[in-house]
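Here's the structure we're looking at; comments come further down.
If you're wondering where the values come from, they're calculated on a predicted model, not measured in any experiment. Ligands are counted one by one from 1 in listed order, and the atoms in each one are counted from 1 as well.
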Amino acid sequence: MQRLTNKHIVLGISGGIAAYKSAELTRLLKGAGAEVRVIMTPSATEFITPLTLQALSGNPVHQHLLDAEAEAGMGHIELAKWADLVLIAPASANLMARLSSGQGDDLLTTVCLATDAPICLAPAMNQAMWRDTGTQANAENLISRGIKLFGPGVGEQACGDTGPGRMLEPEEIVMHAANQFETGNLTGKTIYITAGPTREALDPVRYISNHSSGKMGYALAEAAVEAGAKVKLISGPVNIPAPERVELIKVESAEQMLSASTESLSDCDIFIAAAAVADYRPTAVSEHKIKKGSEEIMELHLVKNPDIVATVAGSSPKPFTIGFAAETKDVLNYARGKLERKGLDLIIANDVSRTDIGFNSDENAVTVISRQDTLELPQASKRQLAVRLIELIAAQYKASK
Ligand code: PMT
């Protein structure tokens with residue numbers, strides 16, 4: 001279940017006897033590494049208490065749309081944006097009918113209307129209610145709108161009937177949820193991603209560096225793995241764990257990053273340079289700690305570092321090559337200049353003058369620039385943006401072949 005690690009799951013619970021299984025479902029999702037926020041409909045609280053779900057999810061349970069206090073904490077729009085997946089289990093016949101007709105008459109249905117995340121339902125109801133033509137029409141309508149249905153299963157029901165309508169077991173629901181994060185659109189492709197800062201040593205204890213945390217590059221590596229790619233993550237020193245299933249190559253300096261990037265480059269289909277590489281390094285590294293002298297001003301002599309992404313873009317055969325542009329003004333013009341000068345296929349521009357996005361923040365907002373198009377991706381978590389970026393990169397890569 002590695003695909004659920006760090007994923008934001010909004011777990012919706014509607015009213016039905018199967019709601020007791022949502023406790024185990026929450027526990028399993030958490031155990032698989034997901035962050036879970038639970039939304040309960042009023043009737044769900046008749047079957048299981050919010051306190052149970054709060055204890056198991058580790059987060060307050062959301063219940064009311066028009067609750068000023070809850071909205072001030074994480075309101076319905078924030079919940080909708082936060083979600084990587086909205087999973088409703090159990091989904092009652094009534095909930096399916098309300099979703100099918102596009103209603104937003106409680107918190108759960110409103111979040112469904114407001115989210116861009118995939119929505120999945122685990123239906124649970126009496127077999128006759130499931131077979132009812134109204135429910136079947138609602139199910140078809142929901143599926144035609146891209147909403148996924150997990151189950152229902154067939155078997156003995158709480159009311160004593162036997163037939164279709166049983167909610168799938170929590171283990172099966174977790175497996176289906178994890179599968180939603182495997183897009184497979186880069187299956188068989190090898191991607192190199194540079195991430196984090198470089199450190200350019202002055203002496204054994206000092207270096208020149210920058211504020212890159214690696215979050216953007218690591219999120220791209222995770223999204224690329226989920227898209228089925230084999231990923232080599234070439235990373236400067238950072239304090240975050242590498243996503244599972246990537247080959248992590250740790251480097252310090254720009255020169256080390258260059259050698260790791262160009263070694264066996266002929267294997268590489270797509271190269272993404274998200275690292276913040278120091279443009280210059282000291283001309284010499286002092287063998288011993290540089291001592292403080294009597295002079296007030298100290299001069300450092302720097303020499304230009306090799307341009308890693310431009311070297312990759314100039315290689316033959318050349319992988320589909322994507323750079324980032326970190327700018328503090330005139331962002332798009334400077335980015336277009338780098339696209340041309342470095343011979344890139346795409347460049348992703350971000351404004352690093354802002355503190356809420358760019359360096360070291362959890363969110364970013366970017367503009368993807370190719371020779372033909374410009375596409376703005378609004379502010380979102382780096383993980384959500386990375387998923388969009390990998391989809392776009394996969395599509396452009398395929399179009400280039
Ligand atoms: O790591 P985070 O805290 O999550 O922050 C993310 C980020 C802001 C670092 C990331 O989104 C980003 O913008 N990365 C590129 C930073 C940068 O060095 O940009 P640049 O405009 O200076 O360089 C342009 C491109 O050339 C980049 O792809 C860079 O990796 C590459 N480059 C630059 C210099 C060099 N010597 N070799 C390179 O390959």
Side-chain angles (χ1 to χ4, degrees), residues 192-200 208-223 233-243 251-262 265 268 270-281 302-315 319-369 377 379-386 388-390 393:
Y192 290 12
I193 298 175
T194 68
T198 63
R199 284 183 184 171
E200 310 299 332
I208 298 172
S209 191
N210 59 64
H211 294 293
S212 170
S213 62
K215 287 175 190 167
M216 192 69 245
Y218 278 50
L220 286 162
E222 188 174 352
L233 177 60
I234 303 158
S235 174
V238 297
N239 292 317
I240 52 174
V251 297
E252 294 254 332
S253 66
E255 286 182 305
Q256 289 170 358
M257 192 172 268
L258 176 70
S259 339
S261 299
T262 49
L265 193 58
C268 174
I270 299 175
F271 187 94
I272 307 176
V277 185
D279 287 323
Y280 290 87
R281 66 179 185 278
L302 304 175
V303 58
K304 212 176 211 166
N305 264 329
D307 193 310
I308 300 164
V309 76
T311 308
V312 169
S315 67
F320 191 75
T321 310
I322 300 111
F324 270 75
E327 307 294 347
T328 54
K329 62 167 192 172
D330 211 0
V331 176
L332 299 192
N333 276 337
Y334 282 132
R336 284 196 185 94
K338 285 178 182 169
L339 176 77
E340 292 305 330
R341 247 190 346 273
K342 296 182 189 238
L344 308 177
D345 295 297
L346 286 179
I347 194 150
I348 300 165
N350 44 195
D351 182 344
V352 291
S353 68
R354 288 170 55 180
T355 52
D356 57 335
I357 58 168
F359 280 108
N360 202 16
S361 60
D362 289 333
E363 299 199 340
N364 209 355
V366 300
T367 307
V368 184
I369 304 171
L377 298 184
Q379 186 163 343
S381 74
K382 283 181 177 169
R383 288 185 317 101
Q384 286 169 332
L385 268 183
R388 287 287 320 275
L389 286 171
I390 290 293
I393 289 167

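- Protein heavy atom nearest atom 30 (O) of ligand 1, with residue, atom name and distance: Ala275 O, 2.6 Å.
- For a threshold of 3.5 Å applied to N or O pairs, the pair formed by Asp279 and ligand 1 contains no separation below that value.
- Backbone and side-chain nitrogen or oxygen atoms of Ala310 are examined, and none is located within less than 3.5 angstrom of a nitrogen or oxygen of ligand 1.
- Shortest contact from atom 2 (P) of ligand 1 to any protein heavy atom: Ser213 OG, 3.3 Å.
- Side chain of Asp351 to backbone of Ser353: a donor-acceptor contact under 3.5 angstrom is found.
- Arg388 places none of its side-chain heavy atoms less than 4.5 Å from the side chain of Val366.
- Looking only at distances, a side-chain donor or acceptor of Asp345 sits under 3.5 Å from a matching main-chain atom of Thr321.
- With contacts defined as side-chain heavy-atom distances shorter than 4.5 Å, the pair Ile240/Ser213 does not qualify.
- Near Ala325, meaning under 4.0 Å from any of its heavy atoms, are these atoms of ligand 1: 21 (O).
- Among Ala313, Ala274, Ala326, the residue whose heavy atom lies closest to atom 14 (N) of ligand 1 is Ala274.
- Taking only non-hydrogen atoms, the option from Tyr334, Phe324, Phe271 nearest to atom 24 (C) of ligand 1 is Phe324.
- Looking at Asn210, its side chain does come within 3.5 Å of a backbone N or O of Ala276 through a donor-acceptor pair.
- The N/O atoms of Met216, backbone and side chain alike, include one that comes under 3.5 Å of an N/O atom in ligand 1.
- When only interatomic distances are considered, the shortest N/O to N/O separation between Ser212 and ligand 1 falls below 3.5 Å.
- Looking only at distances, a side-chain donor or acceptor of Glu200 sits under 3.5 Å from a matching main-chain atom of Ala254.
- Distances from ligand 1 to the non-hydrogen atoms of Lys382 include at least one value under 4.0 Å.
- Val309 N, 2.8 Å is the protein heavy atom nearest to atom 39 (O) of ligand 1.
- In this structure, Leu220 and Ile390 have side chains that are in contact, with non-hydrogen atoms separated by less than 4.5 Å.
- At under 3.5 Å, a nitrogen or oxygen of Ile308, whether backbone or side chain, sits near a nitrogen or oxygen of ligand 1.
- Inter-residue side-chain proximity for Thr194 and Phe324 is flagged as unmet; no heavy-atom pair is nearer than 4.5 Å.
- Taking atom 18 (O) of ligand 1 as the reference point, the nearest protein heavy-atom neighbour is Ala276 CA, 3.4 Å.
- Looking only at distances, no side-chain donor or acceptor of Lys304 sits under 3.5 Å from a matching main-chain atom of Asp279.
- Considering both main-chain and side-chain atoms, Pro306 comes within under 3.5 Å of ligand 1 through a nitrogen or oxygen pair.
- Using a 4.5 Å heavy-atom cutoff, the side chains of Lys215 and Asp362 are in contact.
- Nearest protein neighbour of atom 20 (P) of ligand 1, counting heavy atoms only, is Lys338 NZ, 3.6 Å.
- Of all atoms in ligand 1, listed by their number and element, those nearer than 4.0 Å to a heavy atom of Asp307 are 35 (C), 36 (N), 37 (N), 38 (C), 39 (O).
- Annotation: Asn360 places an N or O atom under 3.5 Å from an N or O atom of ligand 1; distance criterion only.
- At the shortest separation from atom 13 (O) of ligand 1 among protein heavy atoms lies Asn350 ND2, 2.9 Å.
- A side-chain donor-acceptor contact under 3.5 Å links Asn305 to the backbone of Ala278.
- The ligand atoms of ligand 1 that sit less than 4.0 angstrom from a heavy atom of Ala273 are 27 (C), 28 (O), 30 (O).
- Shown in contact with Lys215 at under 4.0 Å from a heavy atom are these atoms of ligand 1, numbered in order with element: 1 (O), 2 (P), 4 (O).
- Judged by the shortest distance from any of its heavy atoms, Thr194 lies outside the 4.0 Å radius around the atoms of ligand 1.
- Proximity of a side-chain donor or acceptor of Asn364 to a complementary backbone N or O of Gly358 within less than 3.5 Å is detected.
- Thr198 places no side-chain N or O within donor-acceptor distance of the main-chain N or O of Glu252, the cut-off being under 3.5 Å.
- The shortest separation from a heavy atom of Lys342 to ligand 1 is under 4.0 Å, placing the residue in contact.
- In the displayed structure, Asp330 atom CG is contacted under 6.0 Å by more than 12 heavy atoms of other residues, nucleotides or ligands.
- Each of the following atoms of ligand 1 lies closer than 4.0 Å to a heavy atom of Gly323: 28 (O).
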